[in-house]
J.: 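I am attaching a structure below and will ask some questions about it afterwards.
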Amino acid sequence: MKDIYGAPTKQAALAALDSLDAKWSVKYAYAIRSWRENWDELTVFFDFPIEIRQIIYTTNLIENLNGKIRKYTKNKLSFPTDEAVLKSVYLALREASKKWTMPIKNWGMILNQFLTIFDKRVRI
């Protein structure tokens with residue numbers, strides 16, 4: 001999948017999908033068929049410059065956050081009160097937010113591209 005997401009163009013991504021299909025079609029036929037049937041929707045990110053696409057692909061903030069919340073709640077089969085759940089989620093958010101201080105690589109260039117693409121929507 002990295003070859004698809006990291007492809008420089010939509011055509012190169014399609015070639016990477018063909019290569020993936022040739023290698024894994026027996027084991028993952030349903031997933032590859034789903035990719036082909038939904039190709040236009042799944043490749044919308046190719047409308048953006050490569051720097052923005054890398055952020056879209058590499059930033060799994062929601063999945064990371066869900067993982068942190070699960071880490072803090074999985075050992076409990078039930079919580080005594082709703083407040084106990086909220087406290088546990090708060091602790092998970094606090095832990096996850098510690099890693100949110102890392103700067104995004106090439107942020108200046110990316111911000112400039114966002115300002116160009118989304119002229120009226122991005123405010124500094």
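Keep in mind it's a predicted model, so treat the numbers as computed, not measured. Sequence positions, counted from 1, serve as the residue numbers for this chain.
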J.: Should L115 and I52 be counted in the same cluster of Ile, Leu, Val, Met, Phe, Trp and Tyr side chains packed under 4.5 Å apart?
T.: yes
J.: Determine whether R36 and D21 satisfy the following criterion, salt bridge (charged side-chain N to carboxylate O under 4.0 Å, His left out), listing intermediate values before the conclusion.
T.: CA-CA 10 Å; R36 290 196 185 281; D21 188 357; 3.1 Å; yes
J.: Taking atom OH of Y90 as the centre, report whether more than 12 heavy atoms of other residues, nucleotides or ligands fall under 6.0 Å from it.
T.: no
J.: Do the side chains of F79 and L86 join up, straight or via other hydrophobic residues, at under 4.5 Å, putting them in one cluster?
T.: no
J.: Taking everything shown except Y30 itself, do over 12 heavy atoms lie less than 6.0 Å from its OH?
T.: no
J.: Below 4.5 Å, heavy atoms only, C-beta onward: do Y72 and V89 meet side chain to side chain?
T.: no
J.: Please report the interatomic distance CG(N106) to CG(L111), rounded to the nearest 0.5 Å.
T.: 12.0 Å
J.: For the NZ atom of K10 and the OG1 atom of T43, what is their distance to the nearest 0.5 Å?
T.: 3.5 Å
J.: Would V44 end up clustered with I117 when hydrophobic side chains under 4.5 Å apart are linked, directly or stepwise?
T.: no
J.: Are L14 and I50 linked, directly or through other ILVMFWY residues, by side chains that come within less than 4.5 angstrom of each other?
T.: no
J.: Okay, side chain of R53, backbone of A7: is any donor-acceptor separation there less than 3.5 Å?
T.: yes
J.: Could you go through the side chain to side chain contact (heavy atoms under 4.5 Å, CB included) check for D3 and L20 one step at a time?
T.: CA-CA 9 Å; D3 291 339; L20 184 79; over 6 Å; no
J.: Could you check whether the rings of Y5 and W35 sit parallel, tilted or perpendicular, using 30° and 60° as the cut-offs?
T.: perpendicular
J.: How far does CE of M1 sit from CH2 of W24, to the nearest 0.5 angstrom?
T.: 12.5 Å
J.: Give a yes or no on this: more than 12 heavy atoms of other residues, nucleotides or ligands lie within 6.0 Å of atom CG of D47.
T.: yes
J.: Do I110 and P49 make a side-chain contact, defined as non-hydrogen atoms from C-beta onward lying under 4.5 Å apart?
T.: no
J.: Identify the two heavy atoms, one from L42 and one from S34, that lie closest to each other, and give their separation to 0.1 Å.
T.: CD1-O, 4.4 Å
J.: Working note: T73 + V85, criterion side chain to side chain contact (heavy atoms under 4.5 Å, CB included); need CA distance, chi angles, decisive distance, verdict.
T.: CA-CA 8 Å; T73 60; V85 175; 5.6 Å; no
J.: Show the nearest heavy-atom pair for residues A96 and L65, with the distance to one decimal.
T.: CB-CD1, 3.9 Å
J.: If you measure from CG on D40 to CZ on F46, what distance do you get to the nearest 0.5 Å?
T.: 12.0 Å
J.: Apply side chain to side chain contact (heavy atoms under 4.5 Å, CB included) to the pair W39 and L17, showing each step before the final yes or no.
T.: CA-CA 10 Å; W39 183 251; L17 179 62; 3.6 Å; yes
J.: Count the heavy atoms belonging to other residues, nucleotides or ligands that lie under 6.0 Å from CD of E83, then report whether that count exceeds 12.
T.: no
J.: With rounding to the nearest 0.5 angstrom, report the CD to CH2 distance, E51 to W107.
T.: 12.0 Å
J.: Please check this pair: side chain of S88 against backbone of A84, looking for a donor-acceptor N/O pair closer than 3.5 Å.
T.: no
J.: Donor-acceptor check, side chain of S97 to backbone of R94, threshold 3.5 angstrom: yes or no?
T.: yes
J.: CD/E95 to NZ/K71 distance, rounded to the nearest 0.5 angstrom?
T.: 6.0 Å
